[in-house]
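Worksheet for the structure shown next.
Atoms within a ligand are numbered from 1 in the order they appear, just like the ligands themselves.
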Amino acid sequence: MKAKNQATMDRLNQDELQAACSNADNMAGDAAAMEALRKAAEASVVYPADGNYIGDWKNGNVVAANGKGLQWNDDPSEPNGGNCYACHQLDPNEVAYGTLGPSLTNYGMRGQSEMMLKYTWAKIYNPHVYNVCSHMPRFGSQKILTEQQLKDIMALLLDPNSPVNQ
Ligand code: HEC
């Protein structure tokens, strides 16, 4: 492997969390160390400054379906995608989706209480808050998606008019 454009070799260095989750002994034994890493993930979450969590689901669906960004041959001036469909079912009319993550179809039936808004935001911002060795990307803390893109994704999941909730 060699560095090319924005895909640099430092990406192969595991951060502390990844190293801990790759170590079977930690996973089995060191609950305190894993809880410290989970707490650090929790501290990384930045909630929307204006207190408004819900953007536009139509834009959110574009972000969810877009698998581009951060690869050597992607244009860094274009917005990154979330590639959510690679792991989740969302809009039930979309036939191409992965199943590594749970289906998010009808996610909006959980409502928009303060608790749900914060849970969903944090889960997308840094999934390790709720599952320390999550396999889902850290869309906020790794700066993959912008705050506006995260709000649009929130709308895709929670807006009653979103195709996810039909
Ligand atoms: C590489 C696979 C992968 C990608 C890409 C991915 N996820 Fe996930 N996601 C998972 C897995 C696995 C879980 C369940 C385990 C966990 O919580 O980490 C999950 C859990 C979730 C949950 C919690 C589900 C619940 O029932 O509470 C939400 C919400 C979620 N993902 C949203 C998203 C959104 C939105 C995107 C795109 C921006 C996305 N995910 C992209 C793998 C992925």
L117 vs L158 side-chain heavy atoms within contact, under 4.5 Å: yes
F139 side chain reached by P127 side chain, heavy atoms, under 4.5 Å: no
Contacts of atom 8 (Fe) of ligand 1 with protein N/O/S atoms, counting only those under 2.8 Å: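 Sorted hits: H88 NE2, M136 SD.
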Could you tell me the residue and atom name of the protein heavy atom closest to [atom], and the distance to it rounded to 0.1 Å?
{"atom": "atom 23 (C) of ligand 1", "answer": "Y119 OH, 3.5 Å"}
{"atom": "atom 12 (C) of ligand 1", "answer": "L100 O, 3.5 Å"}
{"atom": "atom 15 (C) of ligand 1", "answer": "N131 ND2, 3.7 Å"}
{"atom": "atom 35 (C) of ligand 1", "answer": "I153 CG2, 3.4 Å"}
{"atom": "atom 26 (O) of ligand 1", "answer": "R110 NH2, 2.7 Å"}

Please list every donor-acceptor pair under 3.5 Å in which a side-chain atom of residues 59-70 meets a protein atom from a residue at least two apart or in another chain.
{"from": "N61", "atom 1": "OD1", "to": "Y85", "atom 2": "OH", "distance (Å)": "3.0"}
{"from": "N66", "atom 1": "OD1", "to": "K68", "atom 2": "N", "distance (Å)": "2.7"}

Give the numbers and elements of all ligand 1 atoms closer than 4.0 Å to a heavy atom of [X].
{"X": "S134", "answer": "16 (C), 18 (O)"}
{"X": "N83", "answer": "5 (C)"}
{"X": "H135", "answer": "1 (C)"}

Part of P137 with heavy atoms under 4.0 Å of ligand 1, whether side chain, backbone, both or neither: side chain
Min heavy-atom dist F139 to ligand 1 below 4.0 Å: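 Heavy atoms of F139 do come under 4.0 Å of ligand 1.
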4.0 Å heavy-atom contact, M154 with ligand 1: no
Close N or O approach (Y107, ligand 1; < 3.5 Å):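 No - when backbone and side-chain N and O of Y107 are compared with those of ligand 1, no distance drops under 3.5 Å.
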Check: T120 N/O within less than 3.5 Å of ligand 1 N/O: no
Salt bridge (charged side-chain N to carboxylate O under 4.0 Å, His left out) contacts touching residues 135-146 (sequence neighbours left out): D15-R138
Enclosure of Q18 CD (heavy-atom neighbours >12, cutoff 6.0 Å): yes
Salt bridge present between E42 and K39 (N-O < 4.0 angstrom):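 Judged by the 4.0 Å cut-off on N to carboxylate O distance, E42 and K39 do not form a salt bridge.
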Spatial distance of atom [atom1] ([X]) from atom [atom2] ([Y]) [nearest 0.5 Å]:
{"X": "Q112", "Y": "D159", "atom1": "CD", "atom2": "CG", "value": "7.0 Å"}
{"X": "H128", "Y": "L17", "atom1": "NE2", "atom2": "CG", "value": "5.0 Å"}
{"X": "L145", "Y": "K151", "atom1": "CG", "atom2": "NZ", "value": "14.0 Å"}

Single-linkage hydrophobic cluster, 4.5 Å side-chain cutoff, L37 and V129 together: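 Unlinked, L37 and V129 end up in two clusters.
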Hydrophobic cluster (4.5 angstrom, side-chain heavy atoms) - remaining members for L12: M1, M9
Name of the residue among W121, Y119, Y125 meeting ring pair (Phe, Tyr, Trp, His ring centres under 6.0 Å) with Y53: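 Of the listed options, the one satisfying the test is W121.
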